[in-house]
J.: 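Please see the structure below; I have some questions.
By convention here, the first residue in the shown sequence is residue 1. Scope of the values below: all heavy atoms of this structure, side chains included, with no hydrogens, waters or symmetry mates.
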Amino acid sequence: MKRFTLILVAALIGLLSGPAAATTLKPGKPRPTPAIELAQAHGGHVSLAQLRGQVVLVNFWATWCPPCRKEMPSMERLTQNLSGRPFRLLAVNTGETPEQIQAFLREVPLSFPILLDPEGETMKAWRVFVLPTSFLVDKKGQIRYSLAGHLEWDEPEVVAVIERLLAE
């Protein structure tokens with residue numbers, strides 16, 4: 001719990017010094033993902049391993065994080081635009097209650113799964129130190145791109161990266 005608190009304090013300090021700047025996806029050497037086995041805010045569970053064969057955007061966020069809130073509508077548009085394709089978005093909420101998430105979803109309706117990481121264990125496993133942080137996972141379950149900060153996920157350059165992963 002102490003490490004989780006320190007991570008949240010570091011993220012909050014980053015917010016106080018200015019919002020996380022929009023940036024670009026950073027390619028990296030493909031590496032296996034840590035496991036994700038989490039409950040959904042609307043009930044049920046999601047396992048990242050069950051999504052093998054699909055491109056997955058894993059996003060770590062919180063409702064109190066302004067850059068996180070800013071990028072959510074573009075994530076919804078991306079999800080809608082790629083509907084019917086082997087693409088999934090998993091939004092891992094860190095440290096908040098289902099009630100807090102439901103209040104946010106009344107303001108910003110989202111169709112993709114919101115996963116609950118109440119103690120930040122998954123966040124730690126993925127080595128996330130700032131919110132939002134996102135990872136693009138290829139069909140083989142390898143992390144191929146990462147991003148610390150927010151992004152307009154439906155911008156043509158970003159969609160082109162996802163399309164390349166979908167074509168592999």
Side-chain angles (χ1 to χ4, degrees), residues 1-12 14 20 23 25-65 67-68 71-72 74-76 78-79 82-102 104-105 110-151 153 158 161-168:
M1 185 66 179
K2 183 178 178 183
R3 179 177 160 89
F4 176 67
T5 302
L6 290 174
I7 291 169
L8 285 179
V9 168
L12 186 54
T23 184
L25 289 167
K26 295 180 179 129
K29 180 180 177 192
R31 64 187 193 280
T33 65
I36 292 180
E37 292 270 347
L38 294 171
Q40 293 187 70
H42 293 316
H45 284 77
V46 170
S47 166
L48 180 59
Q50 293 174 328
L51 299 177
R52 186 72 46 97
Q54 301 179 60
V55 173
V56 181
L57 171 57
V58 178
N59 173 262
F60 290 86
W61 73 290
T63 65
W64 52 261
C65 165
C68 300
E71 73 179 351
M72 285 291 170
S74 71
M75 290 179 164
E76 179 64 20
L78 175 69
T79 301
L82 294 176
S83 178
R85 309 274 305 278
F87 173 82
R88 296 294 174 265
L89 193 154
L90 301 178
V92 181
N93 180 277
T94 305
E96 295 184 290
T97 66
E99 294 77 24
Q100 289 169 305
I101 296 165
Q102 295 306 326
F104 172 76
L105 293 175
L110 302 171
S111 63
F112 48 83
I114 305 295
L115 308 183
L116 305 174
D117 187 23
E119 297 300 321
E121 294 302 316
T122 302
M123 183 174 145
K124 285 187 262 184
W126 282 69
R127 297 183 178 168
V128 172
F129 300 103
V130 65
L131 298 176
T133 293
S134 300
F135 301 89
L136 268 174
V137 178
D138 68 16
K139 294 177 182 180
K140 296 176 185 174
Q142 301 282 310
I143 297 172
R144 298 283 294 278
Y145 293 85
S146 63
L147 169 72
H150 73 278
L151 190 64
W153 288 94
V158 178
V161 169
I162 296 169
E163 288 288 353
R164 283 194 298 275
L165 291 175
L166 287 167
E168 290 181 353

J.: Show the numbers, then the answer: is there a side-chain contact (heavy atoms from CB on, under 4.5 Å) between Leu78 and Leu57?
T.: CA-CA 10 Å; Leu78 175 69; Leu57 171 57; 4.2 Å; yes

J.: Within this structure, what is the CH2-CD distance for the pair Trp153 and Glu71, rounded to the nearest 0.5 Å?
T.: 6.5 Å

J.: Please give me the minimum heavy-atom distance between Ile143 and Pro32, naming the atom from each residue.
T.: CD1-O, 4.2 Å

J.: Looking only at heavy atoms, what is the nearest atom pair of Pro113 and Gln40, with distance?
T.: CB-OE1, 3.5 Å

J.: With distance as the sole criterion, is a donor-acceptor pair present between the side chains of Thr33 and Gln142 under 3.5 Å?
T.: no

J.: Distance from Leu165 atom CG to Lys140 atom NZ, nearest 0.5 Å?
T.: 11.0 Å

J.: Hey, does the side chain of Glu168 reach the backbone of Lys139 with a donor-acceptor pair shorter than 3.5 angstrom?
T.: no

J.: Identify the heavy atoms of Lys124 and Glu119 that sit nearest to each other, and give their distance.
T.: CE-O, 4.3 Å

J.: Is the ring centre of Trp61 less than 6.0 Å from the ring centre of Phe104?
T.: yes

J.: Test side-chain contact (heavy atoms from CB on, under 4.5 Å) on Lys26 and Leu147; report intermediate values, then the result.
T.: CA-CA 6 Å; Lys26 295 180 179 129; Leu147 169 72; 5.6 Å; no

J.: Using the rule side-chain contact (heavy atoms from CB on, under 4.5 Å), only one of Thr133, Val128, Leu115 pairs with Val92; which is it?
T.: Leu115

J.: Just wondering, do Arg144 and Phe135 contact through their side chains at under 4.5 Å, heavy atoms?
T.: no

J.: Quick one: does any side-chain atom of Asp117 pair with a main-chain N or O of Met123 as donor and acceptor, under 3.5 Å?
T.: yes

J.: To the nearest 0.5 Å, tell me how far Leu110 CG sits from Glu76 CD.
T.: 5.5 Å

J.: Say you draw a straight line from CZ of Arg164 to CG of Leu136; how long is it, rounded to the nearest 0.5 Å?
T.: 10.5 Å

J.: Locate the shortest heavy-atom distance separating Met75 from Ser134; write the atom from each residue and the value.
T.: CE-OG, 4.3 Å

J.: Would you say Val137 and Val55 make side-chain contact, with heavy atoms under 4.5 Å?
T.: no

J.: Looking at CD1 of Ile114 and CG of Leu90, how far apart are the two atoms once the value is rounded to the nearest 0.5 Å?
T.: 9.5 Å

J.: Decide side-chain contact (heavy atoms from CB on, under 4.5 Å) for Leu38 and Leu116; before the verdict, give the C-alpha distance in whole Å, the side-chain angles of both, and the deciding distance to 0.1 Å.
T.: CA-CA 6 Å; Leu38 294 171; Leu116 305 174; 5.8 Å; no

J.: Parallel under 30°, tilted from 30 to 60°, perpendicular over 60°: which one fits the rings of Phe60 and Trp126?
T.: tilted

J.: Could you tell me whether the side chain of Glu37 and the main chain of Val46 form a donor-acceptor pair under 3.5 Å?
T.: no

J.: How far does CZ of Arg88 sit from CZ of Phe112, to the nearest 0.5 angstrom?
T.: 13.0 Å

J.: If every non-hydrogen atom of Ala148 is compared with every non-hydrogen atom of Val130, which pair is closest and at what distance?
T.: CB-CG1, 3.6 Å

J.: Cut-off 3.5 Å, side chains only: do Gln100 and Thr97 have a donor facing an acceptor?
T.: yes

J.: Would a 4.5 Å heavy-atom cut-off, applied to side chains only, mark Thr63 and Cys68 as touching?
T.: no

J.: Please report the closest heavy-atom contact between Val158 and Leu25, naming both atoms and the distance.
T.: CG1-CD1, 4.1 Å

